[in-house]
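Everything below concerns the one structure shown next.
Nothing here was measured: the structure is a model prediction, and the numbers come from that model. In the text below, chain A, chain B and the rest are named by the order of the sequence lines, each starting its count at 1.
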There are 2 protein chains.
Amino acid sequence: MGTRRATISDVAREAGVSPSTASVVFSGKAPVSDATRERVLAAAESLGYTGPDPRAASLRTGRAGIVAVLFRERLGAAFRDPVNAATMDGLSDALAPIGAGILLLREDDTGTVEAAPSLTSVPIDAAVLLGCNEIIRSSVETARGRGIPVVVIEGDAGEDVPKVMLDNRDAQRTVAEHVRSLGHTDVSFVTLRTDDGGRRGFIGDDTEILIDVTRDRLRGARDVFPDAPAYAAADSSIDEGLAAGRVLLSGPRPTAILAQSDMLAAGVIRAAEEAGLRVPEDLSVTGFDGVVVDGLAPYVLTTMVQDATAKGHAAGEAVVAMLVDRAPASVTLTCTFRRGNTTAAR
Amino acid sequence: MGTRRATISDVAREAGVSPSTASVVFSGKAPVSDATRERVLAAAESLGYTGPDPRAASLRTGRAGIVAVLFRERLGAAFRDPVNAATMDGLSDALAPIGAGILLLREDDTGTVEAAPSLTSVPIDAAVLLGCNEIIRSSVETARGRGIPVVVIEGDAGEDVPKVMLDNRDAQRTVAEHVRSLGHTDVSFVTLRTDDGGRRGFIGDDTEILIDVTRDRLRGARDVFPDAPAYAAADSSIDEGLAAGRVLLSGPRPTAILAQSDMLAAGVIRAAEEAGLRVPEDLSVTGFDGVVVDGLAPYVLTTMVQDATAKGHAAGEAVVAMLVDRAPASVTLTCTFRRGNTTAAR
DNA sequence: TTGTATGCGTTATCAC
DNA sequence: GTGATAACGCATACAA
């Protein structure tokens with residue numbers, strides 16, 4: 001038992017071939033006669049050798065077969081959000097051709113830089129930054145310092161970092177214009193989180209918003225309703241939307257509420273029902289994302305539909321491009337307006 | 001530009017020290033005088049060296065700082081399930097002390113073994129198998145063949161593979177007994193998926209169930225109601241529960257429906273509302289998991305509460321134990337009964 | 001088609 | 001506290 005694990009050299013020796021020949025048998029990078037292949041495989045079998053050690057191979061080839069995705073939040077929280085989940089699906093698909101695994105990295109909330117595995121301590125070929133903000137931005141420098149390709153989703157990390165963007169501001173403006181065209185003037189907003197802490201409450205100045213998506217969508221809404229109050233939720237969930245809705249419906253009542261996500265909008269609708277208001281007759285509600293909100297039927301949200309899977313896919317393709325030395329493309333995806341049954345004329 | 005990236009030897013030379021000393025400066029594994037540390041750090045800075053290459057380090061140390069989690073499903077689907085998400089949270093926390101990242105691996109549905117990164121082609125220190133079934137079980141052999149420690153969550157992979165189990169059968173029996181004690185005799189079940197395909201429909205024999213959790217919970221329910229019909233959902237979601245509920249409420253109507261997850265139970269409740277039934281007066285509904293179902297209020301499900309975070313945490317601790325050569329513990333977590341307001345006497 | 005030689009970048013060990 | 005040396009296991013250029 002204390003015997004050391006067989007290496008490819010051991011296999012080669014056992015098979016009576018050179019290490020390079022044995023290597024080729026496993027990598028398939030050069031033709032090998034059937035006879036030798038057989039012998040090598042048999043030798044491997046008899047020695048309990050199950051293939052090249054990925055650690056050694058990655059040192060040699062410079063490829064680890066791993067792409068890191070960097071999150072701000074706790075991993076669980078990150079995935080409960082259907083938009084993130086879809087993004088991961090798309091990323092995973094786009095990465096399949098190069099056979100790269102996805103490594104989840106969580107930017108240390110605690111500041112215990114030592115213990116946290118980070119872009120620098122783990123073998124990766126590329127990194128995808130999701131939900132970029134001021135803090136995460138420094139990771140870009142770290143990664144690029146090591147020559148690791150980086151792609152940013154919905155964030156800006158400088159000129160030469162490929163990004164996958166969404167037309168958040170324009171899209172939110174589109175919804176807002178729809179609402180205005182219905183005659184609404186008393187409008188309130190429910191926004192996504194404004195910082196990593198996830199504090200709830202009314203937002204004064206949008207400079208206090210540290211998260212790009214939140215800020216951009218709010219600006220789009222303010223393009224149409226400059227003075228409408230905005231209430232920040234702690235995260236994108238129905239329950240947060242419910243809480244926000246309760247607050248917004250308790251004072252002087254708006255006739256429309258624009259939420260920055262469908263989950264939040266669903267919560268706002270519940271708050272309205274709770275207050276005895278009918279949607280859309282008494283209150284119009286809009287969302288953002290176009291995700292399927294489990295259990296929201298019969299409501300169909302008026303919302304901007306984004307293709308989160310495509311977002312992940314585009315990021316994955318950019319990664320693949322960089323890894324094969326092609327120029328990666330920055331893309332901006334656009335949302336499409338979907339009129340549901342949650343908005344009506346005033 | 002074409003110049004090669006600096007190595008630790010370059011830094012050492014620049015600083016006028018030996019490579020081993022430079023190494024120690026970065027690893028902190030041995031005392032170094034302040035003066036030399038300064039010089040090394042300065043040299044690194046000037047050469048743009050940002051620390052040891054993880055690939056080379058992992059070859060040398062035998063540690064990659066990565067723990068793989070193997071899923072059956074698409075990544076996105078895997079995480080939308082709140083139980084999985086919580087499990088990942090727990091795992092991530094338990095792994096934090098050793099600073100390991102989490103690598104998502106999806107067992108290839110396609111059979112394209114070549115392209116898919118798998119336990120054998122990627123540098124990992126340990127693997128966690130989630131939602132074990134017959135297919136995934138072979139992965140255990142693969143991993144163990146390479147000397148990679150493996151932990152299984154809710155599955156059995158043989159005597160010497162540590163597992164984190166849940167008392168699924170006992171727990172489901174507990175709920176069933178509660179329902180029976182309320183006087184119910186006409187009962188139906190809604191189960192989790194029975195195989196990777198996720199087909200809907202009534203289940204005949206439980207030998208056709210390939211997923212351990214589903215089979216165990218069903219057995220617990222059958223311990224109390226041996227002849228109750230069981231309808232399999234395609235996955236654990238409110239919408240699937242709604243579909244199943246519609247089917248079960250369209251024929252001879254049961255007075256109670258036992259669902260194998262809270263999400264499914266929530267859907268069943270919607271189906272009941274849709275059919276004009278009051279819960280729990282006309283129909284008792286139970287769930288499983290004890291997760292927060294976003295937007296289900298004012299209902300509080302009668303359910304078995306499992307600590308999914310603890311499950312992930314236990315798996316993580318087992319991994320850590322194995323990595324430091326301690327004997328890992330197999331644990332069985334137990335669920336606790338929670339009486340909500342969705343069950344009532346017949 | 002097969003073999004030989006070399007180095008990928010690091011760190012553990014030991015001696016000083 | 002510091003330095004010399006030897007692996008770690010493999011893949012590739014090149015020669016045969």
Taking B:D125 for the side chain and B:G65 for the main chain, is one N or O donor matched with an acceptor at less than 3.5 Å? yes
Any donor-acceptor pair under 3.5 Å from A:D10 side chain to A:T7 backbone: yes
Within a strict 4.5 Å, meaning less than it, do heavy atoms of the A:V69 and A:L103 side chains meet? no
Regarding A:S20, tell me which of base, sugar-phosphate or nothing describes its non-hydrogen contacts under 4.0 Å with the strands shown. base
Check residues 308-330 of chain A and write down every donor-acceptor pair under 3.5 Å in which the side-chain atom is one partner and the other belongs to a residue at least two apart or another chain.
residue, atom, partner, partner atom, Å
A:K311, NZ, A:E154, OE2, 2.5
A:K311, NZ, A:Q306, OE1, 2.9
A:S330, OG, A:K163, N, 2.9

Please answer whether the main-chain N or O of B:V17 pairs with a side-chain N or O of B:T21 as donor and acceptor at a distance below 3.5 Å. no
Exam field: side chain B:R146 to backbone A:G51, donor-acceptor pair closer than 3.5 Å: yes
Is the shortest side-chain N to carboxylate O distance from A:R144 to A:D160 below 4.0 Å? yes
Would you grab the first and last nucleotide of DNA chain D (5' to 3') that comes under 4.0 Å of any non-hydrogen atom in chain B? D:dG1 to D:dG9
Report the C-alpha separation of B:V152 and B:V164 in whole Å, then their side-chain angles, then the decisive distance to 0.1 Å, and conclude whether the side chain to side chain contact (heavy atoms under 4.5 Å, CB included) test is met. CA-CA 6 Å; B:V152 171; B:V164 179; over 6 Å; no
What heavy-atom pair brings A:V25 and A:R37 nearest, and what distance separates the two atoms? CG1-CG, 3.8 Å
Span of DNA chain C in contact with chain A (heavy atoms, under 4.0 Å): C:dT1 to C:dG9
Can you check whether B:R55's main-chain N or O pairs, donor with acceptor, with A:R55's side chain at less than 3.5 Å? no
Through what angle, rounded to 10 degrees, does the axis of the helix from C:dT1-D:dA16 to C:dC16-D:dG1 turn between its ends, using five pairs per end? 20°
Under 4.0 Å between any heavy atoms, over every strand shown, what does B:V24 touch: base, sugar-phosphate, or nothing? Just pick one. nothing
So do the side chains of A:P123 and B:I66 get within less than 4.5 Å of each other, counting heavy atoms only? yes
Do the non-hydrogen side-chain atoms of A:V331 and A:M165 ever get within less than 4.5 Å of each other? no
Between the side chain of B:R39 and the main-chain N/O of B:D34, is any donor-acceptor distance below 3.5 Å? no
Identify, between A:T7 and B:T21, the residue whose nearest nucleotide on DNA chain D lies closer to the 5' end. B:T21
Side chain A:T61, main chain A:A57, donor-acceptor under 3.5 Å: yes
Residues in residues 29-37 of chain A with a heavy atom under 4.0 Å of DNA chain C, by number, are A:P31, A:V32, A:S33, A:T36
Check each residue of residues 47-58 of chain A for a non-hydrogen atom within less than 4.0 Å of any atom in DNA chain C, then write out the ones that pass by number, or none. none
Under the side chain to side chain contact (heavy atoms under 4.5 Å, CB included) rule, what do B:I124 and B:V67 come out as? Steps first, then yes or no, please. CA-CA 6 Å; B:I124 58 174; B:V67 173; over 6 Å; no
Classify B:L59 by what it touches in the nucleic acid, base, sugar-phosphate, or nothing, heavy-atom distance under 4.0 Å. base
